[in-house]
Number of protein chains: 2
Amino acid sequence: MANDLNTQLLKGTLQGCLLILLSRQKLYGYAISEALSTFGFADIPKGTIYPLLLTMEKKQLLKSERQPSPDGPTRKYYVITAAGKQARDEFIAQWSTLTNNVATLMQKEALDEN
Amino acid sequence: MANDLNTQLLKGTLQGCLLILLSRQKLYGYAISEALSTFGFADIPKGTIYPLLLTMEKKQLLKSERQPSPDGPTRKYYVITAAGKQARDEFIAQWSTLTNNVATLMQKEALDEN
DNA sequence: CAGACTAGTTTGCTTTACAAGTTAGCTGAG
DNA sequence: CTCAGCTAACTTGTAAAGCAAACTAGTCTG
């Protein structure tokens, strides 16, 4: 329980994370959802990840290639595009700004104990 | 331009920031929007902040007191409640988890240079 | 009085996460 | 052969949150 990631906090972040993940290697949706959990994003539902990948493809941040799988239906691999790399770098810059702002806010504010 | 904070990245974060801000002192909406800009959250629109405060009051994370202002209409000061402090602590925990996850992801992934 | 500033509210739009359900291929147990 | 269980992807509909824009109103200065 405790630290389940609030659905709202994820917004916007997830797309950035996918761009970073796909920077190194092409992956298909099912593998992405497994990879994310190794980074602490436990159980991001497939109802979240697949539609997001489709949207990103429409925005031309990703392109896709179908390849047969040894264990089941055809896989759809996603590859990052030049526009995707640019979006990734913008995400990193914005993320850095945001975390700095929040860190400052948390430092400056003496929190009441209870 | 460059680092204007993406609207999506803010989601969920803003409520946590307000809880932290209001942990130390009661503030009214107009002052909050000015205080936020000193923490790097430049120009969060009033169309964002006022509705959020009302929602948080409905959720009983905040309560409000009206006090006359020397410079204009009556101010509505917001005070954090016990439930608000609990929500604040949960936000801090979740925020910490999220930033750790993203940091790990960014480290592990060697980013292509362009 | 007019304009600028302070202060708060409301309406409607857009994006995004997600639950839930659907389709479909493969493998191994019985 | 059949069925369960896993792999793999897509679709529909809903809710939350940020925000633009418009509106109401009080105060202060020129």
Side-chain angles (χ1 to χ4, degrees), chain A residues 4-19 26-37 41-59 61-78 87 91 94 98 101, chain B residues 4-19 26-37 41-59 61-62 64-78 87 91 94-95 98 101:
Chain A
D4 265 335
L5 227 27
N6 179 317
T7 212
Q8 291 303 322
L9 271 189
L10 250 193
K11 298 210 178 201
T13 310
L14 197 52
Q15 171 172 316
C17 289
L18 292 193
L19 288 171
K26 61 182 174 185
L27 290 169
Y28 53 101
Y30 200 86
I32 288 173
S33 83
E34 287 179 336
L36 281 177
S37 62
F41 297 97
D43 296 317
I44 307 279
K46 320 229 181 309
T48 296
I49 179 119
Y50 283 117
L52 177 54
L53 286 169
L54 289 174
T55 303
M56 290 168 73
E57 193 182 6
K58 266 183 219 133
K59 289 188 199 157
L61 305 178
L62 305 177
K63 54 187 165 61
S64 63
E65 308 166 357
R66 293 199 164 267
Q67 282 178 26
S69 158
D71 324 295
T74 303
R75 294 170 175 168
K76 190 171 170 187
Y77 282 83
Y78 287 96
F91 164 75
Q94 290 179 359
L98 179 62
N101 291 351
Chain B
D4 267 334
L5 227 27
N6 179 319
T7 213
Q8 293 301 323
L9 270 188
L10 252 191
K11 297 212 178 198
T13 310
L14 197 52
Q15 171 172 316
C17 289
L18 292 193
L19 289 170
K26 62 181 176 187
L27 289 170
Y28 53 101
Y30 200 85
I32 288 173
S33 83
E34 288 180 336
L36 282 177
S37 61
F41 296 98
D43 297 315
I44 307 280
K46 319 223 180 313
T48 296
I49 178 116
Y50 283 117
L52 178 54
L53 286 168
L54 290 174
T55 304
M56 289 168 74
E57 193 181 5
K58 264 183 222 135
K59 288 187 201 158
L61 305 178
L62 306 176
S64 63
E65 308 166 357
R66 292 198 165 266
Q67 281 178 25
S69 158
D71 324 295
T74 303
R75 292 172 177 167
K76 191 169 170 188
Y77 281 84
Y78 286 95
F91 164 74
Q94 289 179 2
W95 178 253
L98 179 62
N101 291 351

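Labels below follow one simple rule: chain letters A, B, ... track the order of the sequence lines, proteins then strands, and each chain is numbered from 1.
Residues A:P73 and A:L54 each lie close to DNA chain D; by heavy-atom proximity, the contact nearer the 5' end of the strand is made by A:P73.
Between B:C17 and B:F41 the shortest heavy-atom distance is SG-CZ, 3.9 Å. Contact record, B:L61 with B:A87: CD2-CB, 3.9 Å, taken as the closest heavy-atom pair.
When rounded to the nearest whole Å, the span between CD of A:E65 and C1' of D:dA8 equals 17 Å. For the pair A:L53 CG and D:dA8 P, the computed distance is 14 Å after rounding to whole Å. Counting to the nearest Å, the C1' atom of C:dT16 and the NZ atom of A:K58 are 13 Å from each other. As rounded to whole Å, 16 Å separates atom P of D:dA25 from atom NZ of B:K76. In this structure, B:L9 places its CG atom 12 Å from C1' of C:dT15, rounding to the nearest Å. Between the CG atom of A:L61 and the P atom of C:dT16 there is a distance of 10 Å, given to the nearest Å. Between B:D71 atom CG and C:dG8 atom P the separation is 12 Å, expressed in whole Å. To the nearest angstrom, C1' of D:dG26 lies 13 Å from OH of B:Y30.
When atom types are taken as modelled, the side chain of A:T48 and the backbone of A:I44 share no donor-acceptor pair closer than 3.5 angstrom.
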Contact state string [nucleotides 13-23 of chain D, B base, S sugar-phosphate only, - no protein heavy atom under 4.0 Å]:
---BBSBBB--
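Both the sub-6.0 Å distance and the 45° axial angle are satisfied by B:K46 relative to the ring of B:Y30.
For the atom pair NZ of A:K76 and CZ of A:R66, the computed distance is 5.5 Å after rounding to the nearest 0.5 Å. Annotation: the span from B:L9 atom CG to B:L14 atom CG amounts to 12.5 Å, rounded to 0.5 Å.
Taking 4.0 angstrom as the limit, A:Y50 places a side-chain polar atom (N or O) nearer than this to OP1 or OP2 of D:dA9. Close to D:dA8, at under 4.0 Å from its OP1 or OP2, lies no side-chain N or O of A:T74.
The residues A:K26 and A:E65 are annotated as salt-bridged, a charged nitrogen and a carboxylate oxygen being separated by less than 4.0 angstrom.
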